[in-house]
Amino acid sequence: MDQLPSVAVTRPAGAAGRLNLRAWSKLTPLARREARQGLLYIAPWLLGFFAFTAIPMVATLALTFVNLTLAQREPLAFVGLDNYVRLAADDRVWHSLSVTLRFSALWLPISIIVPFAIAVGLNSRHVRGAPLFRSLFFLPYVVPFVAGVLVWEQTLGDNGWINDVLRLVGVEKPPSWLFDSTWIYPALVMMGVWGIGAGIVINLAGLRAIPTELYEASRIDGAGAWAQLRHITIPMMSPILFFTLILGVVEVLQYFLVPLVLKNGTGEPAGATLFYNLNLYRTFFTYQELSYGATMAWLLFALTLAITLVLFALSRRYVYYAGAR
Amino acid sequence: MNQRLARAIAPLAVLALVVTACGPSASSSPSTTATGGPETQAPPATFAPASLRWYCCLGTGEDPSQVPTEEEVAAGFGELHPGSELKIEIVTYDAARNTLSTQIAGGNAPDIVGPAGVGGLAAFEGQWLDLAPYIQSTSYDLSEFDPGAVDFYKTDEGQIGIPFAVYPSMVWYKKDLFAEAGLNEPPHGYDAKYTMADGTEVEWDYDTVREIAMKLTVDEAGKDATEAGFDPEKIVQYGFEPQRDDLRGLGAYWGAGSLVSSDGSAKIPEPWKAAWRFFYDGMWKDHFIMTGPVFESEEFSGGGYAFFSGRVAMSENFLWTTYGVADAGTDWDLAAIPAYNGTITSPLNADTFAILKDSKSPDAAFAALTYLMDDASETLLNLYGGMPARPAKQDAFFEQLGQSDGFPAEVDWQVAKDSVAYADNPNFEAPMPKYNETLDILGTYLSKWTTTPGLDLDAEFDALEAEIQAAWNS
């Protein structure tokens with residue numbers, strides 16, 4: 001069995017990415033047969049990967065260098081970097097990017113801190129009925145998000161119950177959550193927080209994996225709750241927090257469903273919900289500009305990749321892997 | 001490299017975009033008692049049997065109460081032409097353009113699209129089949145139509161449609177609210193003046209509308225918008241509601257025009273600017289028009305149009321308003337569109353059916369199209385509240401429309417007939433560069449104006465014009 005993974009997996013670091021044909025030729029017939037079987041088993045995934053991910057990605061890259069539109073009134077032609085030049089000068093693109101980044105600045109810290117804080121609370125031995133709370137927090141996550149958004153639309157309406165409560169407590173002019181280009185972002189955050197059940201569960205799993213000996217030893221050393229949180233919980237949870245950060249960045253850059261459902265994809269109020277991915281969707285499907293839409297998709301991809309790489313580079317400083325060698 | 005190659009690439013492009021960018025990681029009852037089914041026998045088929053797809057709704061037709069009749073009509077084609085079938089696909093108006101784009105890009109285009117408005121056709125400019133050869137080869141009779149109406153569908157692509165339904169605009173008003181305010185009802189005739197409460201006669205124009213609309217706007221305490229102590233935060237009844245679906249349409253009630261100037265650049269027609277200013281001041285200064293949040297609220301949304309809520313005294317809208325106007329009560333009537341600078345303009349909506357160039361069975365599709373336009377036309381026109389484009393059928397149409405459930409006994413349908421003479425030309429939905437993108441820009445400004453008080457409108461108009469021009473330049 002040791003020989004089997006040596007074909008493609010166990011390789012010297014310098015040979016990474018190259019198929020080791022010499023190793024293949026040294027395999028026994030049995031090992032080769034097993035290797036072939038292994039490849040056969042993953043073939044469906046490979047086929048799916050190439051058909052639905054790799055080839056379409058390459059195709060979109062190729063599209064960025066032509067002038068493909070749905071109506072195609074002009075002959076299809078190679079246009080070089082024209083689409084990229086247009087992208088750089090497109091105010092709407094930069095506006096949608098700015099909308100996305102502004103919302104990210106608001107949402108990302110909340111999406112990481114709130115589930116973590118709730119998970120810490122639920123993990124505390126002082127909390128009674130933690131399983132019940134865990135279920136309650138997770139419950140919204142299993143509600144179809146579109147249905148959730150529609151419920152929130154009513155809740156946050158000018159005469160929704162949130163504003164009714166605000167009026168009851170003396171706020172004469174409560175915010176117009178869904179129609180004001182400033183208040184719409186807090187409204188979107190509220191909807192997001194409603195659905196953080198999965199984040200709580202992930203954080204809880206991470207917290208449960210922290211050895212209790214660490215806390216016991218620190219308690220003996222006189223550490224209080226805050227010191228334990230700062231010096232044990234957060235460092236030990238840093239891989240989980242980093243994981244949720246990466247997922248959060250990818251998700252927020254692709255933020256799409258809520259503005260599409262809530263505002264029918266119009267970007268209302270006044271363009272405040274014209275998120276980048278929504279703009280991309282409209283460019284592609286509404287404006288029918290296939291090549292330009294593909295160019296926008298590649299900008300999004302490049303941006304996501306760049307941010308992720310930077311975060312990974314920084315993670316070496318801030319993320320502690322207890323099991324790392 | 002050609003169009004065929006482009007179309008071959010398109011499905012892959014759709015798939016690619018979906019995978020790379022949008023991936024998972026991350027009311028009212030119909031106004032008539034129409035029945036479905038064909039009314040006459042079709043001529044023997046001169047086309048190969050085909051399975052056809054009828055795509056709805058780039059115009060009207062999505063209301064759940066309309067669907068059974070539409071399905072019945074679709075089935076009627078198969079009964080007339082054994083071996084062929086016509087299947088209807090209902091996509092709501094809001095999603096219809098994007099879905100059709102996706103289908104065309106994916107090489108899965110339907111055969112027939114309709115009812116499609118002028119804007120719906122313009123949004124897919126370049127993708128419609130020229131019907132002229134089929135009209136000629138089948139000797140389809142166009143003499144029943146006004147020649148101008150036939151020419152309405154002549155574009156660079158050819159004859160892309162045949163006149164089917166028209167929807168002129170009128171003022172819809174609530175008689176009871178006028179009576180409550182002690183005001184006279186607006187004039188029905190296009191040459192009539194308005195009689196103020198004190199008996200003086202004035203021009204029926206937008207100044208008059210503003211004046212009486214403020215009196216018809218009432219707050220919780222019963223004060224109208226002209227009285228001291230009126231609370232604009234607690235309005236329970238509004239005086240006026242313009243047709244706010246599209247800024248172009250909103251402007252067209254003040255004068256026909258186009259965003260495309262004579263030299264091809266983007267320019268907002270002056271009457272449209274005046275209309276938009278009236279709209280903006282009406283919301284934020286004079287308070288007789290709803291702001292965006294109020295318009296969207298449950299109390300006033302009326303299931304789509306504020307007049308349906310019964311809390312709006314006057315509203316400008318198209319004839320298709322009949323689909324939900326029964327909700328407004330039983331004491332509404334129709335009045336003439338007011339004048340602006342002495343000119344009256346009644347924007348027109350028109351629906352037709354068109355065939356996509358990508359149809360695999362254009363002969364059969366044309367047969368199905370003529371079936372919808374002829375055999376099934378009465379059923380569909382009643383269903384959609386569309387005035388027949390065939391002048392000879394209009395009187396019968398209004399007679400039947402007047403008998404709709406929940407309608408007042410006496411509605412002055414003559415106003416609708418008269419309004420056609422004041423139709424906007426050019427039509428506000430006429431093609432323009434970057435059609436869908438320009439519509440979105442207009443929508444963004446409309447949203448901004450309806451949600452933001454204190455704007456400098458001149459600066460807004462300049463910015464809008466510049467943004468449209470920039471989109472066209474790209």
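Quick note on labels: first sequence line is chain A, next is B, and so on, each numbered from 1.
Contact of Ala123(B) with chain A is made through the backbone alone, with heavy-atom distances under 4.5 Å. With a threshold of 4.5 angstrom between heavy atoms, Ile441(B) approaches chain A through its backbone and through its side chain. In this structure, no portion of Lys263(A) lies under 4.5 Å from any heavy atom of chain B. Using a 4.5 Å cut-off between heavy atoms, Gln154(A) contacts chain B through its side chain alone, with no backbone atom that close. For chain A, the nearby part of Glu299(B) is the side chain; its heavy atoms alone come within less than 4.5 Å. In this structure, chain B has heavy atoms under 4.5 Å from both the backbone and the side chain of Thr286(A). The part of Asn159(A) that comes within reach of chain B is its side chain, from C-beta onward, which places non-hydrogen atoms under 4.5 angstrom from that chain.
A distance of 9.0 Å separates OG in Ser101(B) from CG in Leu290(A), rounded to the nearest 0.5 Å. Interatomic distance, OH of Tyr281(A) versus OG1 of Thr102(B), reported as 6.0 Å (0.5 Å rounding). Atom CG of Asn83(A) is separated from atom OG of Ser474(B) by 10.5 Å, given to the nearest 0.5 angstrom.
Remark: Tyr141(A) OH is loosely packed, at most 12 non-hydrogen atoms of other residues, nucleotides or ligands lying under 6.0 Å away. For Asp458(B), the CG atom is densely surrounded, since the number of other residues' heavy atoms within 6.0 Å is greater than 12. Annotation for Phe230(B): atom CZ counts as buried by contact number, over 12 foreign heavy atoms lying within 6.0 Å.
When Glu233(B), Glu298(B), Glu467(B), Glu125(B) are compared by the number of non-hydrogen pairs under 4.5 Å with chain A, Glu125(B) comes out ahead. Among Thr451(B), Leu446(B), Thr291(B), the residue making the largest number of heavy-atom pairs under 4.5 Å with chain A is Thr451(B). Heavy-atom pairs under 4.5 Å with chain A peak, among Val294(B), Thr99(B), Asn98(B), at Asn98(B). Contact count against chain B (heavy-atom pairs under 4.5 Å) is highest for Asn264(A) among Thr283(A), Asp158(A), Asn264(A).
Sequence neighbours left out, the pairs with a member in residues 266-294 of chain A that pass salt bridge (Lys or Arg N to Asp or Glu O under 4.0 Å) are Arg86(A)-Glu289(A), Arg282(A)-Asp440(B), Glu289(A)-Lys434(B).
Counting all heavy atoms, side chain and backbone alike, Pro293(B) lies closest to Ser176(A) at CG-OG, 3.7 Å. For Thr444(B) against Gly271(A), the heavy-atom pair with the smallest separation is CG2-N, 3.6 Å. Glu437(B) approaches Tyr287(A) most closely through the heavy-atom pair CA-CE2, 3.3 Å.
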